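We're numbering straight along the sequence, starting at 1. A quick note: this is a predicted structure, and the numbers were derived from the prediction, not measured.
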Amino acid sequence: MTINIERGDITTYAVDAIVNAANNSLLGGGGVDGAIHRAAGPALLAECKTLGGLPTGQAVLTGGYRLPATYVIHVVGPVWQGGQNGEAEMLYACYANALRIAGEKQLKTVAFPSVSTGVYHYPLEKAAAIALRALAVEGAKYPSLEHLIMVCFDAQTEAAYQAAKQALAAGA
Ligand code: APR
């Protein structure tokens with residue numbers, strides 16, 4: 001299984017599934033959530049409306065519709081509140097639950113955004129370390145998973161995830 005850090009727009013990725021950093025309502029929003037809904041078209045929102053929301057840390061699969069990706073796996077990351085409210089565990093759970101769903105579906109390639117580091121203000125370096133550890137530890141549990149890609153929208157995010165990947169490889 002490979003884990004790559006790339007710079008780009010996750011809505012353009014023709015992979016088995018892209019992960020969406022959604023909110024508890026699953027009814028769309030700004031950031032990557034807004035971009036994914038715009039690219040997928042109204043059928044994505046229609047399916048999301050049937051799901052009745054999603055608790056923080058959890059994940060759910062929907063179709064990808066007009067996206068080049070086959071599926072969207074929606075997760076709800078924690079809002080940063082200083083780090084004493086279980087944010088780290090919730091963020092790890094987002095990646096772990098998304099990977100579990102991908103593994104159960106026998107998917108091969110999954111692309112992830114930097115969950116919670118935008119509107120939800122999770123400190124970037126802390127989030128990157130948690131994300132990379134989750135991808136490595138949880139992804140290894142599912143034999144079908146061949147390629148995991150962290151899709152970073154800006155240079156600062158890409159640098160943080162590259163550094164986190166190197167730290168993980170160095171056994172930090
Ligand atoms: N492709 C990849 N990454 C993107 C894209 C894109 N097209 N657009 C934004 N991003 C990046 C942001 O730059 C940030 O690094 O996704 C990361 C997560 O930021 P947000 O989208 O703000 O997500 P988050 O911090 O988890 O906040 C979720 O924001 O959009 C609302 O409905 C969403 O309420 C929820 C909240």
Side-chain angles (χ1 to χ4, degrees), residues 1-23 26 28-41 44 48 54 57-78 80 90-103 105 107-140 142 144-169:
M1 180 183 80
T2 65
I3 299 174
N4 290 312
I5 315 297
E6 297 181 7
R7 177 86 182 273
D9 173 348
I10 201 166
T11 66
T12 68
Y13 276 66
V15 292
D16 292 327
I18 61 170
V19 173
N20 180 24
N23 58 55
L26 286 182
V32 69
D33 194 9
I36 287 173
H37 275 275
R38 277 193 299 280
L44 176 59
C48 285
L54 187 69
Q58 289 299 318
V60 69
L61 181 116
T62 68
Y65 301 102
R66 292 186 194 146
L67 286 161
T70 308
Y71 300 106
V72 180
I73 298 175
H74 306 262
V75 299
V76 180
W80 181 251
M90 280 289 139
L91 185 60
Y92 189 95
C94 286
Y95 290 96
N97 285 317
L99 288 161
R100 172 180 51 76
I101 288 174
K105 199 80 180 169
L107 304 184
K108 294 181 181 174
T109 57
V110 184
F112 297 78
S114 175
V115 177
S116 282
T117 65
V119 165
Y120 283 0
H121 298 300
Y122 206 111
L124 184 52
E125 285 72 16
K126 292 181 188 301
I130 290 167
L132 266 293
R133 185 161 44 83
L135 294 187
V137 171
E138 302 301 321
Y142 307 103
S144 74
L145 293 175
E146 293 177 2
H147 303 295
L148 305 182
I149 308 163
M150 278 303 309
V151 181
C152 303
F153 204 48
D154 56 58
Q156 185 191 7
T157 301
E158 182 184 21
Y161 277 83
Q162 289 288 13
K165 182 180 176 186
Q166 279 146 27
L168 189 72

Test item: Pro113 and Val151 side chains (from C-beta on) under 4.5 Å apart, heavy atoms: no
Name every donor-acceptor pair, under 3.5 Å, that has one atom in a side chain of residues 118-129 and the other anywhere in the protein, sequence neighbours excluded.
unit_1: His121; atom_1: NE2; unit_2: Val119; atom_2: O; d: 3.3
unit_1: Tyr122; atom_1: OH; unit_2: Ala88; atom_2: N; d: 3.4

Any side-chain heavy-atom pair of Tyr161 and Ser114 under 4.5 Å: yes
Beyond-backbone contact of Asp33 with Asn23, side-chain heavy atoms, under 4.5 angstrom: yes
pair Tyr92-Glu138: side-chain heavy atoms closer than 4.5 Å: yes
Euclidean distance, Gln58 CD relative to Ile101 CD1, rounded to 0.5 Å: 8.0 Å
Minimum side-chain heavy-atom gap Leu26-Val60 below 4.5 Å: yes
Side-chain donor or acceptor of Asp16 paired with backbone N/O of Thr109 under 3.5 Å: yes
Gap separating the CD1 atom of Ile5 from the CE atom of Met150, nearest 0.5 angstrom: 6.5 Å
Evaluation steps, side-chain contact (heavy atoms from CB on, under 4.5 Å), between Ser116 and Trp80: CA-CA 8 Å; Ser116 282; Trp80 181 251; over 6 Å; no
Rounded distance (nearest 0.5 Å) linking atom CG of Leu91 with atom CD1 of Ile130: 5.0 Å
Heavy-atom donor-acceptor pair, Lys165 side chain to Leu132 backbone, under 3.5 Å: no
Min side-chain heavy-atom separation Thr2-Glu146 under 4.5 Å: no
Just list the side-chain donor-acceptor pairs under 3.5 Å for residues 63-77, sequence neighbours left out, or say none.
unit_1: Tyr65; atom_1: OH; unit_2: Glu47; atom_2: OE1; d: 2.5
unit_1: His74; atom_1: ND1; unit_2: Asn20; atom_2: ND2; d: 3.2
unit_1: His74; atom_1: NE2; unit_2: Thr62; atom_2: OG1; d: 2.9

Derivation of the side-chain contact (heavy atoms from CB on, under 4.5 Å) call for Tyr13 and Glu6: CA-CA 11 Å; Tyr13 276 66; Glu6 297 181 7; 2.6 Å; yes
Pair Asp154, Thr157: side-chain N/O donor-acceptor within cut-off below 3.5 Å: yes
Worked check of side-chain contact (heavy atoms from CB on, under 4.5 Å) between Leu148 and Asn4: CA-CA 6 Å; Leu148 305 182; Asn4 290 312; over 6 Å; no
Minimal non-hydrogen separation, Val32 against Ala21, with atom names: CG1-CB, 3.6 Å
Validation row: Tyr142, Arg100 side chains within 4.5 angstrom (heavy atoms): yes
Rounded distance (nearest 0.5 Å) linking atom CG of Leu135 with atom CZ of Phe112: 5.0 Å
Residue pair His37, Cys48: steps toward the side-chain contact (heavy atoms from CB on, under 4.5 Å) verdict: CA-CA 10 Å; His37 275 275; Cys48 285; 4.0 Å; yes
Donor-acceptor contact below 3.5 Å, side chain Ser144 vs main chain Leu107: yes
